[in-house]
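Note sheet for the following structure.
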Amino acid sequence: MLLKDQPALAYDLLSIDVGSAPNVGAIAGAEQWAIPVKPIAELGRRWLAFSERMTTWRGPLGVMVIGGGAGGVELALAVDQRLSEIATAASLQVTLATKDEILAGQAEAARRKLRTIFQRRGIRLLEHAGAERIERGSVKLADGQWHQADAVFVVTEASAAPWFADTGLPLDEKGFLAVDDTLASTGDPRIFAAGDCATVLAHRRPKAGVFAVRQGPPLADNLRRVLGGERARPFVPQSRYLSILGTGDGRAVATRGDWAIEGRWVWWWKDHIDRKWMRMYR
Ligand SMILES: Cc1cc2nc3c(=O)[nH]c(=O)nc-3n(C[C@H](O)[C@H](O)[C@H](O)COP(=O)(O)OP(=O)(O)OC[C@H]3O[C@@H](n4cnc5c(N)ncnc54)[C@H](O)[C@@H]3O)c2cc1C
């Protein structure tokens, strides 16, 4: 295995979990002018620097979030909430622009609830409005119009690392590592992959943390088994899952299957689940 600025490493078994990132290169000008949401540590640094500047901002302030999946929806709501608290001299307008509908693949009830929340909060929602080009201070959307944006966050669809194509390993149609139901590559039983970077061909699921973390125990079990000379065991992920979207104002929307529910207690529930998870790693 080749590493950047390091000697190559030999391996007996390899397990890859490098995640995914929005394809910033797909929008002209995004690499120069937009803030991508991954890597997450970089987003944290850039957000802190940006929000610091916003405390003294006066006059119109346009912020655009590009991408209407769960991450983009949460980010738009959180950015709106935080900036309305700290950029008190600014006239803030947050816009979420997305190529299709928001929350594609989730319940219609969730979309309806979120649209109502966006309206209530004064966040502009532009659906069927993919971004084409970003320049300093503005974004051109699919309708050909330029929209003012002093800051642009890109949260578009999870995409695969380009270097996967050089590995010679089988990939799915979007360039993610193709694995079987034991999480081993379909082209090499000594290479495993899990989380966003992999697609389990037999059980396709959205690229979401909930699936990534649940692959951890069967992955660890299979790595031990194969090292001990045993066969790897197949694993069937759950098909329905609970998604809870924080709305940034101490409330949240929970959705599972075809229902959705909103409330302050939903945020407490999400916070409790997240903290419980994090305690397990301390
Ligand atoms: C704004 C936002 C909100 C989200 N909210 C939720 C949510 O509420 N619930 C949910 O289930 N999912 C959510 N997701 C999706 C979730 O973040 C991912 O599905 C999850 O992080 C995938 O886990 P992973 O371990 O596969 O990858 P990651 O968590 O992305 O981890 C990959 C790691 O690999 C490192 N890496 C990358 N390339 C290399 C390389 N070449 N060499 C070495 N290391 C490398 C990265 O730096 C990173 O540390 C959200 C995503 C975004 C963007």
Side-chain angles (χ1 to χ4, degrees), residues 1-6 8-9 11 14-24 34-47 65-82 96 98 102-103 105-106 110 114 152-167 169 174-177 179 183 191-200 204-220 237-248 252-256 266-267 269-278 281:
M1 185 177 56
L2 302 180
L3 301 172
K4 192 176 172 191
D5 304 331
Q6 303 274 337
L9 276 184
Y11 63 84
L14 175 65
S15 175
I16 306 175
D17 182 13
V18 292
S20 63
N23 186 2
V24 175
I35 303 175
V37 290
K38 294 260 182 107
I40 208 87
E42 173 70 10
L43 171 68
R45 273 192 294 277
R46 292 184 68 171
W47 166 257
V65 174
I66 298 173
V73 165
E74 267 197 332
L75 190 70
L77 289 157
V79 164
D80 176 73
Q81 179 69 27
R82 188 69 187 131
L96 186 147
T98 189
I102 53 163
L103 304 176
Q106 296 213 27
L114 264 307
V152 182
F153 294 87
V154 176
V155 203
T156 47
E157 193 183 16
S159 63
W163 60 265
F164 293 166
D166 302 328
T167 61
L169 293 168
K174 291 190 172 170
F176 292 100
L177 298 162
V179 297
L183 303 175
I191 298 180
F192 285 75
D196 278 12
C197 71
T199 296
V200 185
R204 288 170 183 256
R205 299 290 184 270
K207 303 287 179 198
V210 59
F211 295 111
V213 294
R214 295 249 161 111
Q215 286 176 336
L219 173 69
Q238 71 205 94
S239 47
R240 302 224 294 183
Y241 66 106
L242 174 71
S243 166
I244 308 185
L245 304 174
T247 52
V253 175
T255 167
R256 185 183 164 100
V266 183
W267 170 253
W269 186 22
K270 177 178 171 77
D271 196 46
H272 170 75
I273 295 171
D274 288 350
R275 285 179 195 280
K276 200 166 128 199
W277 262 107
M278 294 313 292
Y281 296 99

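Note that ligands are numbered from 1 as they come in the structure, with each ligand's atoms numbered from 1 the same way. Remember, it's a predicted structure, so these values are computed and weren't measured experimentally.
- Residues Val155 and Pro22 have side chains not in contact (no heavy-atom distance under 4.5 Å, counting atoms from C-beta outward).
- For Arg45, the side-chain hydrogen bond (donor to acceptor under 3.5 Å, both in side chains) partners at least two apart in sequence or on another chain are Glu42.
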For ligand 1, list all ligand N or O to protein N or O distances below 3.5 Å, rounded to 0.1 Å.
residue, atom, partner, partner atom, Å
ligand 1, 11 (O), Gly209, N, 2.9
ligand 1, 11 (O), Val210, N, 2.9
ligand 1, 12 (N), Gly209, N, 3.0
ligand 1, 19 (O), Asp196, OD1, 2.9
ligand 1, 19 (O), Asp196, OD2, 3.2
ligand 1, 19 (O), Gly209, N, 2.8
ligand 1, 25 (O), Asp17, OD1, 3.0
ligand 1, 25 (O), Asp17, OD2, 3.4
ligand 1, 26 (O), Asp17, OD1, 3.1
ligand 1, 26 (O), Asp196, N, 2.8
ligand 1, 30 (O), Lys38, NZ, 3.4

Contacts under 3.5 angstrom, residues 207-220 side chains, donor-acceptor by atom type, not counting sequence neighbours:
residue, atom, partner, partner atom, Å
Lys207, NZ, Asp196, O, 3.2
Lys207, NZ, Ala198, O, 2.6
Lys207, NZ, Thr199, OG1, 3.0
Arg214, NH1, Gln238, OE1, 2.5
Gln215, OE1, Gly195, N, 2.6

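- Within a 6.0 Å sphere centred on CG of Leu2, heavy atoms belonging to other residues, nucleotides or ligands number 12 at most.
- Taking Asp271 as the reference, Arg275 meet the side-chain hydrogen bond (donor to acceptor under 3.5 Å, both in side chains) condition, with sequence neighbours excluded.
- Counting heavy atoms from C-beta on, the side chains of Asp17 and Phe192 never come closer than 4.5 Å.
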